[in-house]
Amino acid sequence: MTHKALRSLSPLPAALLALAAALSFPNQAFAQETGRWSLAIHGGAGTLTRDAMTPEREAEYEAALQAALDAGAAVLRDGGAAMDAVEAVIVRLEDDPKFNAGRGAVFTWDGRNELDAAVMDGRDRSAGAVTGVTSVKNPIRLAREVMADGRHVFLSGAGAEEFARDHALETAGPEWFATEARREALERMKAEQVSALDVDRKFGTVGAVALDQNGNLAAGTSTGGMTGKRWGRIGDAPVIGAGTYADNRSCAVSATGWGEYFIRVGVAQEICTRLRLSSETSLEDLAEGNEAGGDVQLTDALVQRVSDAVLDEVADLGGDGGVIVVAPSGAAIYSFNTAGMYRGRATSEGMNEVAIFGEE
Ligand code: ASP
């Protein structure tokens, strides 16, 4: 049942539907239509400083971010689902060779593009994730299809490709994903014996988190990983709870950064859990398993503080990166401990911005 269809029903069937939905997700805070929506997006974090970028390049990145933000905002403004907005944003960024996802993904040590992606739906915490994919044009669509199929959450390599073929997802040859700039980065990494961080300067993963007018949250992340990754390495992006997480009771998160550290901290779920537990829930409620209820009041300041604190833990371990977060209150925030992060946010309250450097 679409949002518009639900609105056009008379009050009684709509109430019955709400009851049916509440019974099917008994432990979920039941989302309510508020008319409020929020969207935050990222295109990776890293050592992004003005002196390392020409004004033309900066304008190109800003235009790409704005176009992706507009695509997602249009979905939400029209009353569409948070998950549809997330997909609309990420497909655009995957198709753009400037970002490290889909076309333009970084190379593995063996000179391949191996793609990771994940989505999560905050209504019932259903999720889909894929890793090591090489021939699916838009890995985020594959992740969503895995979620819709529902039998498994996380598929890898050849099995994920077979699933994609069975579900008629669009494929592309290696030449679609490969770009000269990324190949040079791999060659430089090998020749100069430096780390991925030295050649990439930024992480470049893409992600989106959204709150729709029905109060539902969704998150998605897509990446090529890190230059020179080996041995089937999987980063945080497709690991549910590390780089991607959504729960209507607390927040939706998408991360970018040094994946190994984000996995160790469990960044995305850690932020959501802290927010859920810092809601108005009493300790007795928690002990009885009655978490959060419908009273979650997660202000922008609280969401920012909690996200910063979790990112501080990543930094304490030696990692860096950033997150985007939206909450049921409409809060849409970024937090990063790198010099910059490609990012943008838009809300029903009139916010509409894109930015790259830390001081913006
Ligand atoms: N987090 C990603 C990974 O470790 C990299 C990125 O953010 O670009 O695979």
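This structure is a prediction, so every number in the text was calculated from the model and none was measured.
- Linking Ile, Leu, Val, Met, Phe, Trp and Tyr residues whenever their side-chain heavy atoms come within less than 4.5 Å leaves F107 and W176 in two separate clusters.
- Side-chain atoms of S222 and E94 form a donor-acceptor pair, as typed in the model, at a separation below 3.5 Å.
- Put simply, CZ on R92 and CZ on F99 are 11.5 Å apart, with the number rounded to the nearest 0.5 Å.
- Considering OG1 of T108 and CD of E114, their distance stands at 5.0 Å, rounded to 0.5 Å.
- Using a 3.5 Å distance cut-off with no hydrogens or angles, the side chains of S135 and E161 do pair a donor with an acceptor.
- Side chain of S278 to main chain of L275: a donor-acceptor pair is present (N/O by atom type, distance under 3.5 Å, no hydrogens or angles).
- Between the side chains of Q66 and D70, at least one donor N or O sits under 3.5 Å from an acceptor N or O.
- A salt bridge does not link R230 with D110: none of the charged nitrogens is closer than 4.0 Å to a carboxylate oxygen.
- Annotation: cation-pi pair R343/Y334 present, NZ/CZ under 6.0 Å from the ring centroid and within 45° of its normal.
- With hydrogens and angles left out, the side-chain atoms of N337 and D312 include no donor and acceptor closer than 3.5 Å.
- Salt bridge annotation for E145-R141: absent, with no cationic side-chain nitrogen under 4.0 angstrom from a carboxylate oxygen.
- The aromatic rings of W258 and Y261 sit perpendicular, their planes meeting at an angle over 60°, well past the 30° parallel limit.
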